[in-house]
Amino acid sequence: MSEALIKDYGSPGRKGYSLPELDVVEKNPAESLPEGMIREEAAKLPEVSEVDVVRHYTSLSNMNYGVDSGIYPLGSCTMKYNPKINEDIARTPNLTNIHPQQKEKYVQGSLEILYELKEYLAEISGMDEVSLQPASGSHGEYVGLMIIRKYFEKKGETRTKVIVPDSAHGTNPASATMAGYNVVEIASNEGGMVDLESLKAEVDEDTAALMLTNPNTLGIFEKDICEIQKIIHDAGGLLYYDGANMNAVLGYVRPGDMEFDVIHYNLHKTFSTPHGGGGPGSGPVAVKERLAPFIPAPVLKKEGEKYYWDNDRPDSLGRVHAFYGNYGVMLRAYAYIRTAGAKGLKEITENAVLNANYMKHKLKDTYELPFASDSLHEFVLSGSRQKKEGISTVNIAKRLLDYKQYAPTIYFPLIVKEAIMVEPTETENLQSLDRFIETMKVISQEIEEEPELVRDAPHNTVVRKLDEAKAARNPDLRW
Amino acid sequence: MRYISNTPAEQEKMLQEIGADKVSDLFQAIPENIKFDRSFNIPAALSELELKELIKDKAEKNLDLSEFDSYLGAGSYDHYIPAIIDHLIIRSEFYTAYTPYQAELSQGTLQAIYEYQSMICELTGMGISNASLLDGASALGEAVIMAGRHSRKEKIIMPETVHPAYREVAQTYGKPHGLKFVETSLKGSSSNYKEIKEELDGNTAAVVFQYPNFFGTVEDLAEIARMLENHKKAVFIVVANPMALGLLTPPGEFGADIVVGEGQPLGNPVNYGGPNLGFMAIRDDRRLLRQLPGRLVGKTEDIEGNTGYVMTMQTREQHIRREKATSNICTNEALNALMAAIYLATMGKKGVEEVANQCYQKTRYLKEKLAEIDDVTVVNGDNHFNEFWLKIETADKSLEEIETKMCQQGILAGVNLAELTDQQGLLVSVTEKKTREELDKYARKLEVLLNE
C-alpha cells in the first residue's frame with residue numbers, strides 16, 4: 001500500500017479553499033514596493049480539493065501508529081496514554097484565542113493556570129523557581145546549562161567543563177556544546193552507575209556541572225547520589241538533573257532533595273502531553289533560589305491577585321523563544337496534574353515501576369539482562385544472545401512491528417551492546433504487558449527455528465524494511 | 001488515578017511474580033535519608049466534570065480575540081484557519097505518535113514531513129528544508145551558529161529591523177560560540193544599507209535580514225545581494241514571513257543561503273505564542289547540508305522496491321554525534337509542521353497567493369485611511385506587506401491613553417512599540433480576516449479620538 005504525494009492529487013485550477021471576496025479597492029503592489037520584489041511565478045503548491053486533502057491525510061494517518069493504536073514501549077520516552085479531555089481543554093476558545101502581544105490584564109485566566117503549573121512543578125521537583133519558556137526537553141537542557149554559565153559569569157569564575165556519564169541521553173553532551181562547554185564523558189561501573197573514582201578523577205575547578213539522569217537510562221537509581229553531589233559541590237560545581245525519567249520517582253524522591261541545582265522537565269513525557277509525531281513538547285526548567293536570577297526573561301510573577309510578566313531581569317540569560325514557550329502543551333500538563341492530584345502522581349510512578357519490573361522479570365530469561373541492579377520505570381535488555389544466532393536487535397524491533405506493537409528504543413544506551421530499552425509506562429494494562437512479553441518470547445523462538453522470518457522483517461507493514469543507506473547516500477529531500 | 005488500569009488484585013499478582021511484598025519495596029535503591037516523606041502540596045484529584053468546570057472558571061477571566069477587533073501582529077498573526085486542519089490533526093495516529101524511529105510503522109508522519117519540506121522549499125525558493133525547529137526565533141539562533149561554523153568567521157550583522165525578540169534569542173544562542181553581534185540602525189522603517197555596507201568585512205560570518213522586516217517594510221533584498229557579491233564567505237540569512245511569500249519574490253531568488261522563520265501564519269492559531277514552528281531552508285549545497293540542524297526526511301525504497309520515507313542524514317544529530325552534533329535539537333514541532341503542510345495543501349497555489357494579496361490590499365487600505373488623519377504618520381510610506389508603523393504625534397494624549405481608549409471601543413489598535421523596542425508608535429497588523437467595515441471603523445474611531 002502506498003499513498004501518492006499530495007501534489008499528485010492535483011489538477012490545474014482545482015481549489016480546496018474559500019475566502020470572502022476582497023472588499024477594498026485593489027491596487028498594484030508593484031507600485032509601492034522596491035523593484036523586483038513581487039513574485040513573478042506562484043509557488044508550485046498543490047492544486048487540490050478539500051476532499052483530496054482529507055482523503056490524503058486520512059490515508060497517511062492509516063499508515064501510522066500512535067499510543068492510541070497500542071503499546072509504545074520506547075525507553076526514556078514515557079509514551080503513556082494522552083487523555084482526551086486534555087485535548088478539549090487545550091482547545092477552549094477563550095484560553096487559546098489569545099494573542100501573545102495582548103496585555104496581561106486580558107489574559108489573567110491563562111496566567112493563573114501557568115502560575116499554578118509553575119508552583120506544581122516547583123513542588124514536584126523540590127525546587128524554588130521555574131521557567132516555562134523552553135519548548136522541548138533539549139531546549140530545557142540548553143537553558144539549564146546557560147543558567148549555570150550565567151551563574152559562574154556573575155561569580156567571576158570561568159569554568160569550561162561539563163561532565164556526562166557514558167549512559168547519558170545524546171542531547172546532554174549536545175546541549176553542553178550548544179552552551180559553549182567542553183564535554184567530558186565518564187564511564188559507568190559494573191553496576192551500570194556512575195563510577196565514583198572516575199568521577200573524582202575528572203572533577204576539578206574547571207567543572208561547571210555534572211549532568212545526570214536519576215534513575216539513569218538503564219532505569220537504575222544512582223544510589224551513591226549523596227556522594228556524587230558532594231564531590232561536585234565540594235569542587236564548586238553544580239548538579240544538573242535531566243528530567244526525562246521523572247516518571248520513575250514522583251512522590252518518592254525529589255531532585256531538589258537530592259541536592260540537584262537545576263532540572264528540566266519533559267511535559268510531553270511525565271505529564272502525558274501528546275508527542276505529535278515528534279513535537280511539540282515543552283521543557284520547563286526548575287532551579288534552586290541562588291540560580292533564580294539567571295532564568296530566561298520574562299518571568300511570570302504574582303503580586304496580590306494580579307499575574308504579570310517580569311521583564312526587569314538584569315542577570316537573565318535572555319530569551320530562548322519569541323514568546324512564552326509552548327503554552328498549548330502547558331495547558332494539557334496542567335489538566336493532567338489536576339486530574340492526578342497529589343496522590344495520583346505517586347500512583348503513576350508506582351504503577352510505571354511495577355509494570356516495568358514485571359516485564360523485566362518475565363523477559364530476563366529470554367533476553368540477556370546486562371545489569372542486575374534494581375531498576376525502576378524502565379530496563380535495558382541486550383539482544384547479544386540472539387546476535388549469536390545471526391539476528392540483530394534491529395531485526396527483533398522490526399519483527400515486533402509485524403505483531404502490531406511498537407518497538408522499544410534500540411541501540412541505546414550506548415554502553416549496552418544490542419540494547420533493547422523498554423519503558424511500558426503505567427497506562428498499559430496487564431493484558432497489554434503480557435501480550436508484549438509473549439511476542440518477545442515468540443520472536444526469540446522464531447530466531448531459533450526460522451531466523452529468516454525475523455531477519456527479513458517486517459513483513460506485514462505498509463512498506464517492508466527501508467533502505468536507510470540509500471536515503472543517506474543520495475538524499476532525496478523534496479519533490 | 002483514572003488512567004491507570006491495574007487493579008489491586010492485578011498489582012498483587014504482578015508483585016508475586018516479581019517476588020516483592022509491596023510496591024514500595026521496588027524503591028529500595030533510593031536512600032532513606034533523601035526519600036520524600038510527605039505528600040505533595042498539590043490539590044486532590046479532580047473528576048473530568050470538576051476539571052472542566054475549573055478550567056471554564058479560569059478561562060472566563062480572559063478576554064480573548066473574539067471580544068475585540070484586533071490589529072496585533074509582531075510575529076504572531078491571526079489568519080483564517082480552514083476547519084479541516086484540526087479535524088485531520090486530531091486523528092490520533094498522528095498526534096499520539098512519537099518521533100518516527102520505526103519508519104515502517106510511521107510512514108504517515110514521514111511522508112507528511114517530506115511533503116512539508118517540499119512545500120517549504122517551493123515557498124521560499126530554496127533547495128532543502130528541514131523537518132522544523134522549535135520556533136522562528138530559535139531557528140534564527142540555530143542559523144547564526146550554523147553561519148559561524150560554515151564561514152569560520154565571527155561577526156553577525158543584524159539590523160534593528162529584525163524582530164527584537166529574535167535578536168535577543170540569536171544573541172543568547174550565538175554568544176557562547178564566540179559570535180560578535182553588530183546591530184545596525186534604522187533608516188525610517190528600513191535598514192540602513194550604507195551602515196551595513198560599511199560593517200561588511202572579511203570577518204563577517206552572516207548578515208541577517210527580516211523580510212518583511214519587523215516594522216512591516218519590505219527590504220530590498222536585491223540591493224543586499226549586490227552588496228554581498230564581494231563578500232562570498234558571509235552567509236546571507238533571511239528571516240521570512242511565509243505568508244508574505246505568497247506575494248513577494250522568494251529569498252532563494254536573491255541568493256539567500258539560509259531562510260528561517262515562524263511557520264505559525266500557515267494554519268496554526270495564535271495560541272498565546274505557542275506551540276509555533278520554526279522553519280529552516282537552505283541552498284542546495286552539500287557543505288551547508290552537513291551543517292543543518294534538526295531532522296530531515298528522505299525518500300527511499302524498501303527491499304521490494306516500493307517507495308518509502310525515512311529520517312536521514314542522522315549523523316548530524318545528537319543521538320549519533322553527541323557533543324559533535326550540529327545542534328542539540330531532538331523534539332521539534334512535528335504536529336505544527338503537519339498543520340502548516342495541510343494549510344499549504346488546502347490553500348494551494350492560488351489560495352496562498354490570494355491570502356497574501358488580501359493581506360496586502362487590506363493593509364494598504366487601512367494605512368491610506370489612517371495617513372489622512374492629522375497628527376498621524378505612517379513611517380513605512382507605501383512600502384509594507386501586512387503590517388505598518390504608525391506614529392501619532394499629539395501634544396495632549398499619550399499613546400497609552402490612545403491605546404486604552406481604542407480598546408474601550410473594542411479595538412486592539414496595535415502593538416505599542418515602546419514595549420518591545422526603543423521606538424515610539426504602534427505596529428498595526430491586518431490580515432485577510434478584516435472587513436472594510438472594520439477597517440473604516442478603526443480609522444473613524446481613531447480620528448474622533450484624536451480630535452476629542
Side-chain angles (χ1 to χ4, degrees), chain A residues 6 16-17 23-24 32 34 43 45 57 60-61 63-68 94-95 97 99-101 106 108-109 135-136 138 170 173-175 177-178 180 183 221 274 276-281 318-319 322-323 326-327 341-342 344 347 350-351 358 374 401 429 461 463-464 466 471 476 478-479, chain B residues 1 4-5 14 23 29 40 42 44-45 58-59 61-65 72 88 91-93 95-97 99 104-105 107-109 118 122-123 134 137 165 168 172 176 220 272-275 298-300 302 308 312 318-319 322-323 325 328 330-335 346 349 351 365 382 415 436:
Chain A
I6 183 69
Y17 71 96
D23 58 356
V24 301
S32 68
L45 296 171
Y57 285 100
L60 289 184
S61 75
M63 297 159 76
N64 237 23
Y65 181 99
V67 178
D68 285 5
N94 41 356
L95 282 183
N97 190 19
H99 192 281
Q101 307 287 5
Y106 300 124
Q108 285 294 304
S136 71
S138 73
S175 297
T177 301
M178 281 286 276
V183 177
F221 192 85
R319 276 180 175 277
F323 301 111
N326 281 348
Y327 167 74
E347 287 168 16
E350 287 175 337
N351 285 279
Y358 175 76
D374 288 349
L401 311 183
N429 64 25
T461 42
V463 286
R464 301 283 309 277
L466 291 158
D476 174 350
R478 57 173 295 191
W479 63 48
Chain B
M1 178 58 182
I4 297 169
S5 41
M14 291 160 81
V23 172
F40 285 134
I42 284 175
K58 291 187 192 291
K61 296 177 190 169
N62 281 354
L63 281 179
D64 71 14
L65 292 185
L72 303 178
L88 289 171
R91 290 189 66 88
S92 70
E93 297 85 352
Y95 85 86
T96 75
T99 303
E104 295 83 359
L105 212 50
Q107 283 297 294
T109 294
S118 303
E122 293 291 350
L123 203 54
L134 298 173
E168 204 183 326
T172 306
D220 190 346
Y272 205 46
K299 191 176 182 175
T300 187
D302 72 3
T312 192
Q318 49 76 27
H319 60 287
R322 297 173 79 84
E323 69 271 16
N328 67 336
C330 180
T331 285
N332 57 23
E333 305 289 326
L335 199 69
T346 306
K349 189 176 171 183
Y365 180 84
D382 283 337
V415 174
R436 190 173 70 189

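A, B, ... follow the sequence lines: proteins, then strands. Residue 1 opens every chain.
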So which of [options] has the biggest tally of heavy-atom pairs under 4.5 Å with chain A?
options: B:L134, B:V415, B:I4, B:L105; value: B:L105
options: B:S5, B:A165, B:P275, B:G308; value: B:P275
options: B:A97, B:A44, B:A29, B:A325; value: B:A97
options: B:H319, B:Q107, B:K349; value: B:K349
options: B:G273, B:A137, B:C330, B:G298; value: B:G273
options: B:L123, B:L65, B:V23, B:D220; value: B:L65

Highest number of heavy-atom pairs under 4.5 Å with chain B: which of [options]?
options: A:Y65, A:F323, A:Y17; result: A:Y17
options: A:L95, A:L401, A:V24, A:D374; result: A:V24
options: A:E347, A:E350, A:Q101; result: A:Q101
options: A:G281, A:G344, A:S138; result: A:S138
options: A:P274, A:G277, A:A135; result: A:G277
options: A:G109, A:G180, A:A43; result: A:G109

Which bit of [X] comes within less than 4.5 Å of chain A, counting heavy atoms only: side chain, backbone, both or neither?
X: B:R322; value: both
X: B:A59; value: both
X: B:L88; value: side chain
X: B:T312; value: side chain
X: B:Y365; value: side chain

Quick check against the 3.5 Å criterion: does [X] have a side-chain atom that pairs as donor or acceptor with the backbone of [Y]?
X: B:T331; Y: A:G279; result: no
X: A:T177; Y: B:E323; result: yes
X: B:S92; Y: A:D68; result: no
X: B:D64; Y: A:N97; result: no
X: B:D302; Y: A:R464; result: yes
X: B:E93; Y: A:M63; result: no
X: A:N94; Y: B:N62; result: no
X: A:D476; Y: B:K299; result: no
X: B:E122; Y: A:L45; result: no

Measuring from atom CD of B:E168 to atom CZ of A:R319, what distance do you get when rounded to the nearest 0.5 angstrom?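 Nearest 0.5 Å value for the CD-CZ distance: 6.0 Å.
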
If you round to the nearest 0.5 Å, how far is CD1 of A:I6 from OG1 of B:T346?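 Answer for the OG1-CD1 pair, B:T346 versus A:I6, is 7.5 Å.
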
Are B:L335 and A:P280 packed together at the side-chain level, in the sense that at least one heavy-atom pair is separated by less than 4.5 angstrom?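 Of all side-chain heavy-atom pairs linking A:P280 with B:L335, at least one is under 4.5 Å.
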
State, without any angle test, whether A:S175 and B:N328 hold a side-chain donor-acceptor pair at a distance under 3.5 Å.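 Yes - a donor-acceptor pair under 3.5 Å links their side chains.
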
Least distance between heavy atoms, B:P176 atom then A:M178 atom: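 That would be CB-O, 4.1 Å.
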
Considering all heavy atoms of both residues, which atom of A:H99 and which atom of B:Y272 are nearest to each other, and what is their separation? O-CD1, 3.6 Å

Per-residue contact mode, A:V183 against chain B (heavy atom under 4.5 angstrom): side chain

Stepwise side chain to side chain contact (heavy atoms under 4.5 Å, CB included) check, A:N326 with B:E333: CA-CA 10 Å; A:N326 281 348; B:E333 305 289 326; 3.3 Å; yes

